[in-house]
A.B. asks: 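What follows is a structure written as structure tokens; I'll ask about it next.
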Amino acid sequence: MDSIISVIGTYVSWDLKSLLLFAAVFIITADYIKNRRPAGYPPGPRGLPIMGNLFTIDQNRAHESMTQVPERMVVLNGFDILKEALVTQGDSLADRPDLPLQTDIAHGLGVFTSSGNLWKQQRRFVLSTLRQFGFGKKSYKGTCLLHSKPFDPHLILNNAVSNIICSLVFGHRFEYGEEKFIKMMQLFDKALQIEGSIWGQLYNAFPVLMRRLPGPHQSVKQMWNEVKDFIWVELNEHKNTWDPSETRDYIDCYLSEIQMNKGQDDNTFDEENLVICVLDLFVAGSETTSTTLRWAFLYMAKYPEIQEKVQAEIDREIGESRQPSMEDRANLPYTDAVIHEIQRIGNIAPLGVPHVTNRDVELGGYTVPKVIAQTNFQ
Ligand code: HEM
């Protein structure tokens, strides 16, 4: 009897081993076939099976954003090739990759991470509406940063920039001490921090597994839901006081656009999309602008002789009796150049935001094939 059991045991354990071996070989072969380098594709570092370059790229460097997508990536470097890709062939590279965490939050809506016809319509609308409200033209009331002692400008700048976006989209600012505003700022800060951490990267690399595992990545979705609720409250208040003949802000304009596009075949304007577009304006506009301003502070402190020249030009052209406005820009060439130089050297988005090809593209003598869309909506 013992010998029969031992024979069965040997048989079963051998069978299990071969099953595991077969599964491993099958998965690695399937992964190899799926991720084979296409003909004419640009050269690049070899990645591990399944993991790609997730753990082979230095996480402490800016390249980390490249590892958020377990797919093959092409990095373009230099003015000519970027102009070719983003301008000349811009239509073929206009789409965004399908990042599972982003998809679970935004469901393919909005303007920052959307693609195709939806992106085209939303982008056109956001650009024309922000221009209509003088974005990049007039001045927005900011915050006063007069301090007699050293202070950390981080949160003050974040609040000031976000409040300017509040006046654009909600038509009003918040008091800095207001509980609602503080809560929203904290949610943005924490959610973006987790999204940019290894948790966000693991979620995007292994969505099926990570959607089921507990961890900080789960609370990110809850945090964005709270921000969305905050925007819904503003939206409902706007609907109650909405007068199409007098548009006060981005939300009012969007409500008119929803009305105008009702019944059209390819219409992408609705309230869900409005909420995600507003969320995108905060995400795309706040951290970028406040981080650039922090670099500006640092460089002005490091190069006081340049700070003096900027100050002298502002004093000469604007004086102390009024706020600066965008109309002053033409008369402030030195200040304008310093701002551009801060943006260049601060280089806060060194890899930009990833794009994907929506058709086969020839770039710099290489062929980058169309990325087959894989929808991760749940
Ligand atoms: C210094 C400040 C800023 C920097 C460095 C910056 C940087 C960027 C970059 C690199 C992109 C990706 C472009 C691409 O698709 O290739 C982008 C897109 C975008 N930014 Fe900014 N941005 C800044 C300020 C703002 C502000 C203030 C807003 C609005 C309130 C804004 C709204 C957007 C939007 C909506 C997109 C998505 C555009 C699209 O996908 O078509 N950004 N930004």
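In listed order, ligands and their atoms are each counted from 1. Computation of the quantities below employed the complete heavy-atom set of this structure, encompassing side-chain atoms and omitting hydrogens, waters and symmetry-equivalent molecules. In what follows, residues are counted from 1 in the order of the sequence shown.
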A.B. asks: Take every heavy atom of Asp280, measure it against each atom of ligand 1, and state whether any distance is under 4.0 Å.
C.D. replies: no

A.B. asks: When clusters are formed by joining ILVMFWY residues with side-chain heavy atoms under 4.5 Å apart, either directly or through shared neighbours, do Val283 and Phe174 land in the same one?
C.D. replies: yes

A.B. asks: Where does the angle between the aromatic ring planes of His217 and Trp199 fall among parallel (under 30°), tilted (30 to 60°) and perpendicular (over 60°)?
C.D. replies: parallel

A.B. asks: Hey, does Trp119 sit under 4.0 Å from ligand 1 if you only count heavy atoms?
C.D. replies: yes

A.B. asks: For ligand 1, which atoms sit closer than 4.0 Å to a heavy atom of Gln343?
C.D. replies: 1 (C)

A.B. asks: With heavy atoms of Thr289 as the reference, note each atom of ligand 1 found under 4.0 Å away.
C.D. replies: 2 (C), 24 (C), 27 (C)

A.B. asks: Consider only side-chain heavy atoms of I, L, V, M, F, W and Y, link residues closer than 4.5 Å, and tell whether Leu209 and Ile28 are in one cluster.
C.D. replies: no

A.B. asks: Which of the numbered atoms in ligand 1 are below 4.0 angstrom from a heavy atom of Val111?
C.D. replies: 35 (C), 39 (C), 40 (O)

A.B. asks: Considering only residues two or more places apart or on different chains, which pairs with a residue in residues 249-261 satisfy side chain to side chain donor-acceptor pair (under 3.5 Å)?
C.D. replies: Gln122-Tyr254, His238-Asp249, Arg248-Asp252, Glu257-Asn261

A.B. asks: Should Arg123 be counted as touching ligand 1, given the test is an N or O pair under 3.5 Å?
C.D. replies: yes

A.B. asks: Show which atoms of ligand 1 fall inside a sub-4.0 Å distance from at least one heavy-atom site of Val353.
C.D. replies: 11 (C), 12 (C)

A.B. asks: I want to confirm something. Looking only at heavy atoms, which of Arg124, His355, Arg96 is nearest to atom 40 (O) of ligand 1?
C.D. replies: Arg96

A.B. asks: Are any of the N/O atoms in Thr292 less than 3.5 Å from those in ligand 1?
C.D. replies: no

A.B. asks: Sequence neighbours excluded, which residues qualify as side chain to side chain contact (heavy atoms under 4.5 Å, CB included) partners of Ile339?
C.D. replies: Thr335

A.B. asks: Which one of Leu109, Val111, Thr113 satisfies the side-chain contact (heavy atoms from CB on, under 4.5 Å) criterion with Trp119?
C.D. replies: Val111

A.B. asks: For a side-chain hydrogen bond (donor to acceptor under 3.5 Å, both in side chains) check, start with the C-alpha distance between Arg173 and Ser167, then their side-chain angles and the critical distance, and finish with the verdict.
C.D. replies: CA-CA 5 Å; Arg173 296 164 50 87; Ser167 41; 5.4 Å; no

A.B. asks: Examine the proximity of ligand 1 to Leu168 and report which part, side chain or backbone, both or neither, has a heavy atom under 4.0 Å away.
C.D. replies: neither

